[in-house]
Number of protein chains: 2
Amino acid sequence: MKKVKRTTIYDIAAKLGITASSVSRALNNSNQVNEKTKELIMKTADELNYKRNILASNLRKGQSKTIGVVVPRINQNFFSNVIAGIEEMTYQKGYNLIICQSGELHDKEIQCVNTLINQHVDCIVISVSADSYDYQHLQNVLDHGIQLIQFDRVAEELETLKVINDNVQASFEAVSHLIEGGYKRIALLEGPQNLNIFKQRKEGYLKAFKMYNVPVIEELIVENAWTKELGAEGTRKLLSLPNPPDAIFASTSDFSALGVLDVANDMGIKVPSELGICGYANESFSEITSPSITTIDQFSVYMGNTVANLFFQEIGNTDTAAKPKIISIKPELIIRGSTLKNAKV
Amino acid sequence: MKKVKRTTIYDIAAKLGITASSVSRALNNSNQVNEKTKELIMKTADELNYKRNILASNLRKGQSKTIGVVVPRINQNFFSNVIAGIEEMTYQKGYNLIICQSGELHDKEIQCVNTLINQHVDCIVISVSADSYDYQHLQNVLDHGIQLIQFDRVAEELETLKVINDNVQASFEAVSHLIEGGYKRIALLEGPQNLNIFKQRKEGYLKAFKMYNVPVIEELIVENAWTKELGAEGTRKLLSLPNPPDAIFASTSDFSALGVLDVANDMGIKVPSELGICGYANESFSEITSPSITTIDQFSVYMGNTVANLFFQEIGNTDTAAKPKIISIKPELIIRGSTLKNAKV
DNA sequence: ATATTTTACGCAATCGATTGCAATTTCAAA
DNA sequence: TTTGAAATTGCAATCGATTGCGTAAAATAT
């Protein structure tokens, strides 16, 4: 690659016999520079193919107009949607996004966060990884005076801005739907309980049982079943119980629900008449399985939008005493074939 | 958010009664600073919670250690996988990724590219949007001395580094598979022909016909059918022909193939016995439809890896005369139920 | 024509890290 | 003890843009 000397404001200034100050002011559309000169400068800048050096500009101004995003995996539907949603909003305002993936690893997450602090980003947006056990690195972000916004998977004990789904409610509605549909023995595939979201989904599950006065059966709760494979494994165990469940709520994801469906098919168990299945996240495929899978939509793109807007709202806000905001988005239960026990399909 | 004065190398220097020069050298692990002082500096830096200001560093060094990525949509499986693949490699080398989405719009794409030039990124990685009609903005990237890598959807006339799929070959194999499977009238759902990838897929389709000495039937080629809806629409037209096809190659995507499957199901046409279906891209759902859809895997994550590695390889290379490299990845035909005409399923 | 206010522009410092060159110190060889 | 080389450290310029302060020039008022 050939080294090209890029044109600076000094080049423009030299060509016009003026100072860089005026050029800078003109380019920033300051009103303390003559209209004629301004036009001239603009024209020359264009001719010389000038592009402002953001590094220099930001260094001087002490900001970076950059937002760092840390997610477990970029190529996971939910996260890529949230990122798309963030980008949509931030792009308009001239902000850039730096994206990192933690790969669900605590150490890598720490590295990512430190990288972003180094970059002097104006804000860090994060959804913590599954094996995060402490949050010193997030506290560190705050100590550096960097705005921190957590979304979806959040460390609740940290007082930061948060954008979350109301997992309890969603889960509650899903299980209520199963109960009302006539299912009697409803199993739960749960995720790592150190993640708030999975804890909340379990909470919603239990809440529904309480509400409908149905006793909870411990053996129907399967830990750590948050992939397709683990979901399938859990299902096999459940279905070979002397008294197997007649519905399974795969609270971790649609992938896990897919595992359930696979096993049911293998074992010749009819869905939804003999076994109801409910997933979580409204992955695109959940609509096209047969039967299609009842699931919960999290409005992920909208969630991204919300995160971005929250940030912009806060930078305008100098009130130190303001309490950290928590925005909760209500997910929506999407009822499909897999939970329609009594319907004629 | 409270304003926090961040510690600089001058703070460290002052505390130790030495110069910033030495601090800088120590932090860069230069060997022209005494081991003892170095240790002391490191320790103090740590105590003061020092983080290097990358803006200043990069400004001075005239680089940004940042790679810009422009894709039509972040939250599209293929692209988010490529991005994940790029990130995997670049992260290790201390590079950051700035992500933009063009939304398939030419103008937004230009804006994105300009933003990235402003940012003084070291490299721009791009997959052009569907309605791009000229490539002045890409030429502009080169004129600024910024490395440019195109992937998947590329402007062929521009001499840049490219990482592509061998679409012709993949398409050829897919259609050959259909022909050999006993399908006689094979239709093509094609995408916008201004995108090289779709042109190539059509080429592969035609090539297979030639190879097997099968005449091409123009009425079986449907333009611009690259979403699920358009795919469905095209399929309806095709199947209502006096002499309908017995196989459809949805060369644009699995989504389009899904549209085909839906219509076939609606019309009571049996897949694969009465109608064969082949998609493109190996979306996760293609495996779980019934029947599962034969498709083509593009090794998207690997493609991202390749892009990143290509970049790192090139920055070491000062040879101006070197010709731009084109790396072609061979996709793989994944045969599934939807094209097994004669198999007993 | 003179005084006063605007307007437009220049000067020079600043943001924080890096680096070529010079100066000083250290240490071993003569 | 002197000398020369090597190892450390300091000085000061630099990257490019921004901005407070000051001044000259132009515009307005007296």
Side-chain angles (χ1 to χ4, degrees), chain A residues 3-42 44-45 48-66 94 117-122 144-145, chain B residues 3-42 44-45 48-66 94 117-122 144-145:
Chain A
K3 264 288 164 201
V4 179
K5 171 80 174 77
R6 300 173 62 154
T7 86
T8 69
I9 52 173
Y10 295 97
D11 299 327
I12 300 176
K15 182 157 187 192
L16 297 179
I18 55 176
T19 340
S21 316
S22 298
V23 178
S24 172
R25 283 192 263 258
L27 293 169
N28 286 294
N29 201 21
S30 155
N31 57 351
Q32 49 175 326
V33 47
N34 189 288
E35 273 306 322
K36 291 226 168 175
T37 349
K38 196 185 282 185
E39 270 174 44
L40 194 61
I41 291 173
M42 293 306 212
T44 319
L48 297 179
N49 203 6
Y50 169 80
K51 308 271 165 173
R52 170 197 272 120
N53 186 329
I54 306 267
L55 291 179
S57 171
N58 287 341
L59 171 60
R60 177 59 226 257
K61 293 198 287 195
Q63 52 159 25
S64 66
K65 282 233 178 195
T66 298
I117 296 178
N118 277 355
Q119 288 284 339
H120 283 220
V121 295
D122 294 341
H144 276 281
Chain B
K3 266 285 165 204
V4 179
K5 173 77 174 78
R6 299 172 64 152
T7 86
T8 71
I9 52 173
Y10 295 97
D11 298 328
I12 300 177
K15 180 156 187 190
L16 296 178
I18 57 177
T19 338
S21 318
S22 297
V23 177
S24 173
R25 282 192 264 260
L27 293 170
N28 285 295
N29 202 21
S30 155
N31 57 349
Q32 50 173 328
V33 45
N34 188 288
E35 273 305 323
K36 290 226 167 176
T37 351
K38 197 186 281 185
E39 270 174 43
L40 194 61
I41 291 173
M42 294 304 211
T44 320
L48 297 179
N49 203 6
Y50 169 81
K51 308 270 166 175
R52 169 197 273 119
N53 186 331
I54 306 266
L55 289 179
S57 171
N58 288 340
L59 170 61
R60 176 60 225 258
K61 293 198 286 195
Q63 53 159 26
S64 66
K65 284 238 180 189
T66 298
I117 296 178
N118 276 354
Q119 289 283 337
H120 283 219
V121 295
D122 294 341
H144 276 281

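Throughout, protein chains are lettered first and strands after them, A, B, ... in sequence-line order, and every chain is numbered starting at 1. From a predicted model like this one, the values you see are computed outputs, not experimental measurements.
A/K51 and B/N118 make their closest contact through CB-OD1, 3.3 Å (heavy atoms, listed as atom of the first residue, atom of the second, distance).
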Is there a side chain to side chain contact (heavy atoms under 4.5 Å, CB included) between A/I117 and B/R6? Walk through the geometry before answering. CA-CA 11 Å; A/I117 296 178; B/R6 299 172 64 152; 3.4 Å; yes
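A/K15 is listed as a side-chain neighbour of A/L48, based on a closest heavy-atom distance under 4.5 Å. Between B/L27 and B/V23 there is a side-chain heavy-atom pair separated by less than 4.5 Å. Looking at B/T7 and B/N49, their side chains never come closer than 4.5 Å, going by heavy atoms from C-beta outward.
Across all strands, A/N28 comes closer than 4.0 Å only to sugar-phosphate atoms, never to a base (heavy-atom distances). Note on A/N31: only backbone sugar-phosphate atoms sit closer than 4.0 angstrom, heavy atoms only; bases stay farther off.
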Encode nucleotides 9-16 of chain C as B, S and - characters from 5' to 3', where the letter depends on protein heavy atoms closer than 4.0 Å: B to the base, S only to sugar-phosphate, - to neither. BBBBBBBB
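With rounding to whole Å, A/I54 atom CD1 is found 10 Å from D/dA17 atom C1'.
Distance alone, capped at 3.5 Å, is enough to place a donor-acceptor pair between the B/K38 side chain and the B/S30 backbone. For A/S57 (side chain) and A/N53 (main-chain N/O), no donor-acceptor pair under 3.5 Å exists by modelled atom type. Between the side chain of B/D122 and the main chain of B/K65, a donor-acceptor pair closer than 3.5 Å is present.
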Would you list the protein and nucleotides 25-27 of chain D atom pairs, both N or O, that sit under 3.5 Å from each other?
none

